[in-house]
Amino acid sequence: MRESDVQLRWTPTILTIALITMMAVVGVNHTAHAQSDDRRLPTSQTEIKMSFSPLVKQTAPAVVNIYTKKVVSERQRTPFFNDPFFKQFFGDRFGGAVGAPRQRVERSLGSGVIVSGNGTIVTNHHVINGASEIRVVLHDNREFDADLVGSDERTDLAVLKLRDVENELPAVTFGDSDAVDVGDLVLAIGNPFGVGQTVTSGIVSALARAGVTGQDYQSFIQTDAAINPGNSGGALIDIDGKLIGVNSAIFTKSGGSNGIGFAVPVNMVKVVMRGLISGDLRRPWLGAAGQAVTADLASSLELDRPHGVLISDVREGSPAGRGGLRAGDVVIAVNGLAVDNPNELKFRIATLELDKGAELSVLRQGKEVVLPMPLEVAPELPARDESVIDGANPFSGSKIANMNPALADELGIDTLSQGVVVLAVARDSLARRTRLQAGDYIVEINGQKIDTVARLKEVIRAGERSRDWKIAVKRDGKVLTGEFTL
């Protein structure tokens, strides 16, 4: 018989044996894979029924609903003032508003977290901003009026104190946001859309997020646990039942949750809360400026990867200057915690306690060095000398001051800024007609350099003998010049 004439046929018996053999091989391979993987399926009814319920029962009673009321005054507007005929005679002096002011009540809602059994609550600044009345509803439906202890717009945090608390209230325990890792399980608890307390679960999806809101101290914890309007001020809880953040913002185009929520880290919450309660909220000041290290910068600095903050300027006499920090250094960590951009560096310094030291890990000429750094508040040097200018000059009606680190810190701008700055401009003033704006730096008047408020006043007095003025101001990094005849 030729080989080509042979036909191979599988009998049922042979097929069964082959299938059994194949299944055995697959089973062995699956067993080997399972032995190398820590994951496994639930093996009992008890494991299948595992849930977050015990964790929710432990923490949810400390999360409250906050209802606020704000009275807003507004004038009635008349359509006649939009008519060109009326504008010809009256212009915009009345702004189209006539009659007595009419009051309107605005109501809003949010969430909060009880952090002390005596009724101390942490929430967001934007939840209670401008509120004339604050009402708090607890998990068990008890209601309390609340007083505002203090509020900090720069971190979007506020502290409330419940009135007439007779018994110890359930409170949440503070965790450590510096110990949080991407991938950690979390719960978000709050009052979305006013429907009542709601719990959502997810993971920490990112850390140290900045550029999310208008606040200048940003290093948010990002989570995919659903956060919606009304959750603001609520709790972000870790798997141990500890508070690791206060829910503050969401990324949304529709008004609802898109799976990206942001929480203020609890380590910042602790610092701000202590300051608001004591009435002395002050933050440490570094006295240095820099930029994030890009790929191009990392290559030129011969770094193994882009990370850290490249220092471009250090103020003489500042904590950074006395600690030995130099322009050209790359700050990579504060007290062992990595920093990758100026926002993170600012945040890390702000969460430290005053009158204590910090250690900055710095890359200098290819070597890592550790610099001890004192922690102090931004100084009032030079003195602000806030003044309102009057008289027949282009600055009449403006409020000016000497820029110093303390003022710059209050305004949330570069604390190395110097010069004479415009703080405010009155309506219907010569300064407004000159088109001065708050934030302008006055550089020169009639060819005379301006470096202090005292010097500005001196030059203005001399200039008022003439009606002609030449001024130069710096705005958004650009110098603008103008000539005026009064």
Side-chain angles (χ1 to χ4, degrees), residues 52 55-68 108-129 131 134-152 155-163 165 168-177 180 186-192 194 196-202 204 220-221 223 225-250 261-277:
F52 290 116
L55 183 59
V56 173
K57 291 178 180 177
Q58 172 190 341
T59 57
V63 181
V64 301
N65 300 336
I66 298 175
Y67 299 89
T68 64
S108 60
L109 58 90
S111 306
V113 188
I114 302 175
V115 293
S116 175
N118 65 0
T120 301
I121 291 174
V122 172
T123 185
N124 285 143
H125 163 82
H126 73 261
V127 169
I128 51 79
N129 185 31
I134 304 174
R135 189 74 172 167
V136 174
V137 180
L138 271 57
H139 181 262
D140 59 6
N141 295 322
R142 283 183 291 170
E143 296 187 14
F144 293 87
D145 289 321
D147 295 315
L148 177 62
V149 175
S151 185
D152 181 37
T155 55
D156 195 24
L157 293 172
V159 176
L160 309 177
K161 180 68 169 61
L162 299 184
R163 300 177 191 170
V165 175
E168 188 83 1
L169 298 178
V172 71
T173 303
F174 285 127
D176 179 7
S177 52
V180 174
V186 290
L187 300 182
I189 310 177
N191 179 26
Q197 191 176 88
T198 302
V199 180
T200 56
S201 67
V204 172
F220 289 110
I221 298 172
T223 177
I227 296 174
N228 286 289
N231 271 104
S232 292
L236 190 67
I237 302 292
D238 68 9
I239 203 67
D240 295 320
K242 295 182 178 180
L243 183 70
I244 60 170
V246 172
N247 300 325
S248 183
I250 59 174
F262 302 96
V264 181
V266 74
N267 287 3
M268 175 61 85
V269 175
K270 288 185 277 190
V271 171
V272 173
M273 188 184 77
R274 285 196 297 266
L276 293 177
I277 291 175

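None of these values were measured; they are calculated from a predicted model.
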Strictly distance-based, threshold 3.5 Å: is any side-chain N or O of [X] a donor or acceptor partner for the main-chain N or O of [Y]?
X: Thr200; Y: Ala226; answer: yes
X: Thr123; Y: Ser111; answer: yes
X: Gln197; Y: Val63; answer: yes
X: Lys161; Y: Asn118; answer: yes

Can you give me the closest heavy-atom contact between [X] and [Y], atom names plus distance?
X: Leu157; Y: Val122; answer: CD2-CG1, 4.4 Å
X: Leu148; Y: Ala158; answer: CD1-CB, 4.3 Å
X: Thr68; Y: Ala131; answer: CB-CB, 3.8 Å
X: Ile227; Y: Ala188; answer: CG1-CB, 4.2 Å
X: Val127; Y: Gly110; answer: CG1-CA, 4.0 Å
X: Pro170; Y: Pro61; answer: CG-O, 3.5 Å

Distance (rounded to the nearest 0.5 Å) between [X] [atom1] and [Y] [atom2]:
X: Thr173; Y: Leu243; atom1: OG1; atom2: CG; result: 9.0 Å
X: Leu276; Y: His125; atom1: CG; atom2: NE2; result: 11.0 Å
X: Ile121; Y: Asp147; atom1: CD1; atom2: CG; result: 11.0 Å
X: Phe220; Y: Leu236; atom1: CZ; atom2: CG; result: 12.5 Å
X: Asp176; Y: Asn267; atom1: CG; atom2: CG; result: 5.0 Å
X: Asp156; Y: Met268; atom1: CG; atom2: CE; result: 12.0 Å

Exercise. Go through the steps for Thr223 and Val204 under the test side chain to side chain contact (heavy atoms under 4.5 Å, CB included), then give the verdict.
Key: CA-CA 5 Å; Thr223 177; Val204 172; 5.6 Å; no
Quiz prompt | Pairs where residues 230-244 contributes a residue and the test side-chain hydrogen bond (donor to acceptor under 3.5 Å, both in side chains) is met, not counting sequence neighbours | solution = His126-Ser232
Determine whether [X] and [Y] make a side-chain contact, defined as any pair of heavy atoms from C-beta on separated by less than 4.5 Å.
X: Ile239; Y: Leu55; answer: yes
X: Asn191; Y: Tyr67; answer: yes
X: Phe52; Y: Leu187; answer: yes

Quiz item: After noting the C-alpha distance and the side-chain angles of Thr120 and Ile277, does the key distance pass the side chain to side chain contact (heavy atoms under 4.5 Å, CB included) rule?
Solution: CA-CA 10 Å; Thr120 301; Ile277 291 175; 4.3 Å; yes
Quiz item: For Leu138 and Leu162, what are the C-alpha separation, side-chain angles and deciding distance, and is it a side chain to side chain contact (heavy atoms under 4.5 Å, CB included)?
Solution: CA-CA 11 Å; Leu138 271 57; Leu162 299 184; 4.2 Å; yes
Quiz prompt | Candidate list Leu109, Leu160, Asn124, test side-chain contact (heavy atoms from CB on, under 4.5 Å), partner Ile66, passing option | solution = Leu160
Self-check item: Qualifying residue for side-chain contact (heavy atoms from CB on, under 4.5 Å) with Val269, from Val159, Val264, Val115
Solution: Val264
Exercise. Would you please test Val64 and His139 for side chain to side chain contact (heavy atoms under 4.5 Å, CB included) and show each step?
Key: CA-CA 6 Å; Val64 301; His139 181 262; over 6 Å; no
